[in-house]
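Bear in mind that the values here come from a model prediction, so they are computed numbers and not experimental data. The figures here come from the full heavy-atom set of this structure, side chains too, leaving out hydrogens, waters and symmetry mates.
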Amino acid sequence: MPPRTLLVENFICRSCLSTLRKQTLAAQWALRRSSSQATQPLASASPSHLSRDQESERQKTLETLGLLKKSKDDKVSVKYFEQGEGGKLRRLRGEDEFGQSLMDPDGQMETRLKEMEQELGQATLFTKIVEEIWGKQGAEKLRKRVASQDESLPKPSLLLPEEEWPAQDRIYIVQLNNMIRTIGRKVGGGVLPQKRINSLWKYYSAARIPLSKKWELVHADIWDLLWQILAADHANNPNRMSHIHTLAKDMEKAGVPLRDDQRLLAIEATFISHSREEAITAHRKLVTTLGAAPETFTEFWQLGLRMYCLMGDITRAERVVNTLLESPHEKDPRFLLPFIRMCAENPATAEKGFELYQRLRSALGDSITIEDYDQVISYFLASNQTEFAFYIFVEMMTSSTVDLRGTHKVPASVSSPFFYGKWLKRLIGAGDLLGAYNVLVHMKSRGVMPQAIVVNGLIGAWLRSGTADNIQKAEQVAWAMINARMQFLSIRKDMQNLAAFVRLRQYGEGWPRANLETFSLLAENYKDRRVHDKMEELWRAFMQAEIAPDSFMLNQLLFSYLQEGQGKHVAALSRDLTNQYQVEPDSWTFMVLWQALPVNRLVQIPPEQLLDETSRTRSLFAEMVKSAHIFATSGIDAQLARYVLHSFRKLDDKFGLLLAYRALRQIFKFTPPDIVVLELHVGSMDLERTGKGRNGLRLMHAGNQIEGYMKRRHQELIALGRLGAADEMPDDVKQQELGNFLEELLQSRITEDETSEQLLKQAAAEMGLHGEVSNFETTP
């Protein structure tokens with residue numbers, strides 16, 4: 001600023017000068033003001049007391065001081081200044097900065113705006129977490145709670161104030177908070193996965209001790225969140241009741257009141273996971289409150305009924321049942337099911353249970369379902385009260401038009417094997433094997449012979465279960481059926497020597513006669529369990545049962561011999577049985593025959609036996625060629641073809657291997673998988689073991705050779721116009737080319753001389769090929 005002159009002193013008023021020179025601090029809001037306000041009296045002083053010359057000189061002085069200048073359009077422009085703390089002036093850039101200075105006197109508005117944006121983002125994230133976990137209705141309830149909350153109270157939060165805990169406890173609080181954040185991000189309004197629920201419980205359990213020191217810092221919303229997740233009733237929360245019991249105890253210690261539904265659930269959790277006596281005591285204390293309120297009356301007494309039924313307290317349970325039946329409150333009649341089950345477990349009270357079932361059926365009317373009938377039937381079957389179960393099943397099947405109570409003779413329509421068979425199939429399909437067995441016993445007690453096909457279904461279900469008890473039951477019933485057949489055959493034989501008017505009757509336990517399916521079920525189980533002694537006993541019984549075997553029964557016997565280490569008998573046994581019973585072999589029959597060859601059973605074949613084993617292997621292949629029609633529908637199994645090819649490879653029968661491979665491709669329509677091509681190239685059935693050590697180079701070389709061949713063929717197909725330049729080789733073409741590569745490889749390993757053609761024809765004749773593929777030309 002230019003130095004003050006006398007001229008300046010004469011043209012600037014004293015009040016303005018006094019203001020400019022004042023050094024004392026003023027109020028914060030008055031420290032920033034426009035220089036235009038200070039100069040306005042100077043620029044706009046009334047000319048009434050100034051002459052024209054004086055006014056002109058005044059304007060020049062202001063312009064010299066930089067306080068007044070003319071714009072290009074001869075309009076007056078004003079410069080703005082700001083006086084800060086200490087009286088220091090700062091020139092402003094223009095009217096915009098001056099306006100900003102008036103709106104933000106302390107210059108902190110931008111910082112406050114950023115803080116408000118962060119708070120808004122946190123509030124939005126909080127709302128999103130609440131909606132994802134509790135749904136929109138839960139979020140709306142929370143908003144109403146916040147709106148009605150006193151401003152002086154702390155705001156609800158799903159996170160714990162971590163800084164309130166000491167350092168040694170803070171890590172557990174931080175982990176729990178992180179888990180709550182993770183749940184808010186992962187859950188999408190649906191069911192949480194079991195891993196998340198377990199993790200939340202893990203971190204909550206770890207933080208329980210630190211939390212117990214400051215329960216007052218755990219907001220009610222956090223308790224609601226923990227309850228919402230840990231008390232969820234679904235398959236991903238198997239430890240639900242244990243969680244509820246612990247969580248309810250902690251909420252009571254924290255002084256958080258439980259809702260009515262939470263109190264009932266806490267009692268049930270205590271009964272199941274902690275102490276039955278404690279739960280009963282807690283339930284009795286609420287009789288005059290929850291047990292009398294219309295909103296909780298039904299749920300409260302139904303919970304008591306379930307607990308008394310599980311404890312076997314029939315007196316109190318019956319008292320609760322009467323209370324519920326006499327109450328005017330709305331209820332589902334199915335609350336009687338636990339009491340019916342308890343009555344059915346005791347023969348002394350089974351009659352009462354059946355009467356309550358009838359009351360349940362009357363109350364439900366047309367709304368009763370098949371599942372309701374099945375559940376009540378299972379109660380009586382589990383306690384061996386089959387008579388009542390049969391009454392209920394008849395009512396279910398006949399829509400209550402047939403009542404067997406008090407009848408001495410059961411109608412023929414419901415006492416037939418066909419009617420019982422439907423019941424047995426239903427029970428077996430539902431997995432109630434004990435109930436099905438009890439029904440079989442009930443049938444026999446009524447003189448009704450069950451059908452063999454139904455009993456076989458039960459035997460198969462027992463065997464598939466794999467439990468020792470069920471396997472024992474299956475064997476007992478199956479052998480009882482076998483004995484029944486033996487007895488029938490004996491009676492039929494004895495009757496041939498008696499007079500025509502003499503009739504012999506079968507005696508015993510009333511089981512149906514065993515059929516081929518019965519023997520097959522036992523044979524498969526004995527084979528899988530590797531109990532060859534029982535298999536031989538079963539086969540002797542089968543030979544006496546005068547039942548023609550099929551290929552399945554034959555295969556189980558052959559595999560059992562092979563597993564027992566008696567593979568040398570497999571070929572002869574198979575040949576004798578197929579000739580005796582005219583059984584046509586199938587794919588599994590040839591599988592066991594190839595596996596039973598010495599070259600596949602023994603580690604090493606003596607050199608003097610190689611010619612005999614080669615001849616035996618070629619003969620087996622000839623038998624398979626004769627049965628080629630059995631592979632016409634589904635083709636030959638890849639594992640069977642693999643055993644065939646490796647058998648010739650192990651014998652170093654190069655001619656037989658080449659012919660077998662060509663025959664598999666042409667006759668059996670076999671396409672070798674990649675792994676089989678690589679195995680035959682390397683010469684091993686165990687590539688994993690071959691790839692270890694020095695043999696790994698051989699495996700790598702084989703892979704590179706196959707890959708190089710495929711690339712060369714790909715380029716050749718592009719050159720021939722069969723593929724485009726950018727086209728990949730189709731899968732079927734790739735498999736065909738791999739097959740061609742293997743054939744060329746096998747043929748290249750045969751040294752062609754004057755005897756090669758003759759040896760090839762000899763091998764083809766022994767293998768039953770009759771010249772179809774007995775030449776050195778590659779398969780087209």
Quick one: does [X]'s side chain get under 4.5 Å of [Y]'s, heavy atoms only?
| X | Y | result |
| --- | --- | --- |
| Val583 | Leu577 | no |
| Glu679 | Leu645 | no |
| Ser378 | Leu381 | no |
| Ser199 | Arg196 | no |
| Leu458 | Lys473 | no |
| Pro417 | Pro450 | no |
| Met481 | Val455 | yes |

Practice problem: Could you pull out the closest heavy-atom pair between His681 and Phe741, with the gap in Å? | Solution: CD2-CZ, 3.6 Å

Quiz prompt | Nearest heavy-atom neighbours spanning Gln556 and Ala523 | solution = CB-CB, 3.9 Å

Would you say the side-chain atoms of [X] pair up with the backbone N or O of [Y], donor to acceptor, closer than 3.5 Å?
| X | Y | result |
| --- | --- | --- |
| Arg618 | Ala765 | no |
| Asn237 | Leu230 | yes |
| Glu546 | Met543 | no |
| Tyr661 | Gly739 | yes |
| Ser615 | Asp612 | no |
| His714 | Asp727 | yes |

Electrostatic pair [X]:[Y] at N-O distance under 4.0 angstrom:
| X | Y | value |
| --- | --- | --- |
| Asp652 | Lys654 | yes |
| Arg426 | Asp432 | no |
| Glu475 | Arg529 | yes |
| Glu728 | Lys734 | no |
| Arg665 | Glu743 | yes |
| Arg722 | Glu716 | no |

Does the side chain of [X] pick up a donor-acceptor pair with the side chain of [Y] at under 3.5 Å?
| X | Y | result |
| --- | --- | --- |
| His629 | Glu584 | yes |
| Asp469 | Thr467 | no |
| Ser242 | Asn239 | no |
| His532 | Gln563 | no |
| Asn600 | Ser647 | yes |
| Ser465 | Asn470 | yes |
| Arg181 | Asn178 | yes |
| Asp653 | Thr614 | no |
| Ser756 | Asp753 | yes |
| Arg649 | His646 | yes |
| Arg712 | Gln715 | no |

Over 12 non-hydrogen atoms of neighbours within 6.0 angstrom of [atom1] in [X]:
| X | atom1 | answer |
| --- | --- | --- |
| Ile453 | CD1 | no |
| Trp588 | CH2 | no |
| Met700 | CE | no |
| Lys568 | NZ | no |

To the nearest 0.5 angstrom, please state how far the [atom1] atom of [X] sits from the [atom2] atom of [Y].
| X | Y | atom1 | atom2 | answer |
| --- | --- | --- | --- | --- |
| Trp479 | Met486 | CH2 | CE | 7.5 Å |
| Trp201 | His243 | CH2 | NE2 | 5.0 Å |
| Leu554 | Tyr581 | CG | OH | 10.5 Å |
| Asp533 | Glu564 | CG | CD | 6.5 Å |
| Ile183 | Leu200 | CD1 | CG | 4.0 Å |
| Met767 | Phe621 | CE | CZ | 4.5 Å |

Self-check item: Working for side-chain hydrogen bond (donor to acceptor under 3.5 Å, both in side chains), residues Asp586 and Ser551
Solution: CA-CA 7 Å; Asp586 59 7; Ser551 59; 3.3 Å; yes

Quiz item: In terms of ring plane angle, is the pair Phe648 and Trp594 parallel, tilted or perpendicular, where the classes change at 30° and 60°?
Solution: tilted

Quiz item: Are Tyr437 and Trp462 an aromatic pair by the rule of ring centers under 6.0 Å?
Solution: yes

Quiz item: Should Ile482 and Arg485 be marked as a side-chain contact (heavy atoms from CB on, under 4.5 Å) after you check the CA-CA gap, both sets of side-chain angles, and the distance that decides it?
Solution: CA-CA 5 Å; Ile482 293 173; Arg485 180 166 186 86; 5.7 Å; no

